[in-house]
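It should be emphasised that the depicted structure is a prediction, and the values quoted were computed from it without experimental measurement.
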Amino acid sequence: SAGIPTIVTPSRGIVDVVDPESSYMAKSISASAIADAINSFLEDWSYNRRRIAAKTNRSLSYVTSSFSRMVVVGEYSKLYSQLAERNSAE
């Protein structure tokens, strides 16, 4: 993290990793919604840098706790175990 939260659109994949509380998420993928998200960030940049810091910290905390190497390996391990059980039952 560069210390600046992300400005994102609610497209597939993004909503699985980023939530509105830890980013500046546009309400849709329209140009006006993206402009609103950018304007929200710029307003906070001018008047509320603590909010930016809080969003950045929440985002970093979520990503590191949800997508660490150990978490991902554990999820793959569970998936492979389920597939092995399903194949042995057939």
Side-chain angles (χ1 to χ4, degrees):
S1 169
I4 298 175
T6 53
I7 300 171
V8 298
T9 60
S11 54
R12 272 190 212 168
I14 296 294
V15 295
D16 297 327
V17 179
V18 180
D19 70 82
E21 294 302 315
S22 64
S23 68
Y24 291 87
M25 186 176 293
K27 295 192 185 317
S28 70
I29 59 170
S30 71
S32 64
I34 295 167
D36 289 344
I38 293 169
N39 284 332
S40 179
F41 167 76
L42 292 174
E43 286 175 15
D44 283 350
W45 184 259
S46 297
Y47 303 110
N48 195 350
R49 297 221 179 156
R50 287 190 177 149
R51 182 173 181 204
I52 291 174
K55 282 181 175 276
T56 302
N57 289 336
R58 277 193 299 270
S59 179
L60 182 60
S61 176
Y62 173 75
V63 169
T64 56
S65 66
S66 299
F67 300 99
S68 71
R69 193 172 296 147
M70 293 305 296
V71 170
V72 172
V73 167
E75 291 298 315
Y76 273 111
S77 178
K78 282 194 280 188
L79 174 63
Y80 290 143
S81 294
Q82 291 170 354
L83 291 173
E85 287 176 20
R86 186 180 303 162
N87 285 338
S88 66
E90 292 177 354

Next on the checklist: Under a 3.5 Å distance rule, please check whether Ser28 uses its side chain to pair with a backbone N or O of Ser30 as donor and acceptor.
Outcome noted: yes
Checklist entry - Within the side chain of Thr64, is there an N or O that forms a donor-acceptor pair under 3.5 Å with the backbone of Leu60? => result yes
Checklist outcome for this item: Taken in chain and number order and not counting sequence neighbours, the residues that satisfy side chain to side chain contact (heavy atoms under 4.5 Å, CB included) with Ser11 are Thr9, Ile14
Item to check | Least distance between heavy atoms, Val71 atom then Ser65 atom | outcome: CG2-O, 3.3 Å
Item to check | Under 3.5 Å donor-acceptor, Thr56 side chain and Ile52 backbone | outcome: yes
Checklist outcome for this item: Correct closest heavy-atom pair for Lys27 and Ala33 would be N-CB, 4.0 Å
Checklist entry - Rounded to the nearest 0.5 Å, how far does CD of Glu85 lie from OG of Ser88? => result 6.5 Å
Checklist entry - Are Tyr80 and Val72 co-members of a hydrophobic cluster defined by side-chain heavy atoms under 4.5 Å apart? => result yes
Checklist entry - When clusters are formed by joining ILVMFWY residues with side-chain heavy atoms under 4.5 Å apart, either directly or through shared neighbours, do Ile29 and Val8 land in the same one? => result no
Checklist entry - Do Tyr62 and Val15 sit in the same hydrophobic cluster, where Ile, Leu, Val, Met, Phe, Trp and Tyr count as joined when their side-chain heavy atoms come under 4.5 Å apart? => result yes
Checklist entry - Nearest heavy-atom pair of Ser40 and Arg51: which atoms, and what distance? => result OG-NH1, 4.5 Å
Checklist entry - Okay, side chain of Ser77, backbone of Val73: is any donor-acceptor separation there less than 3.5 Å? => result no
Item to check | More than 12 heavy atoms of other groups within 6.0 Å of Leu42 CG | outcome: yes
Next on the checklist: So which atom in Pro10 and which in Met25 form the shortest heavy-atom distance, rounded to 0.1 Å?
Outcome noted: CB-SD, 4.0 Å
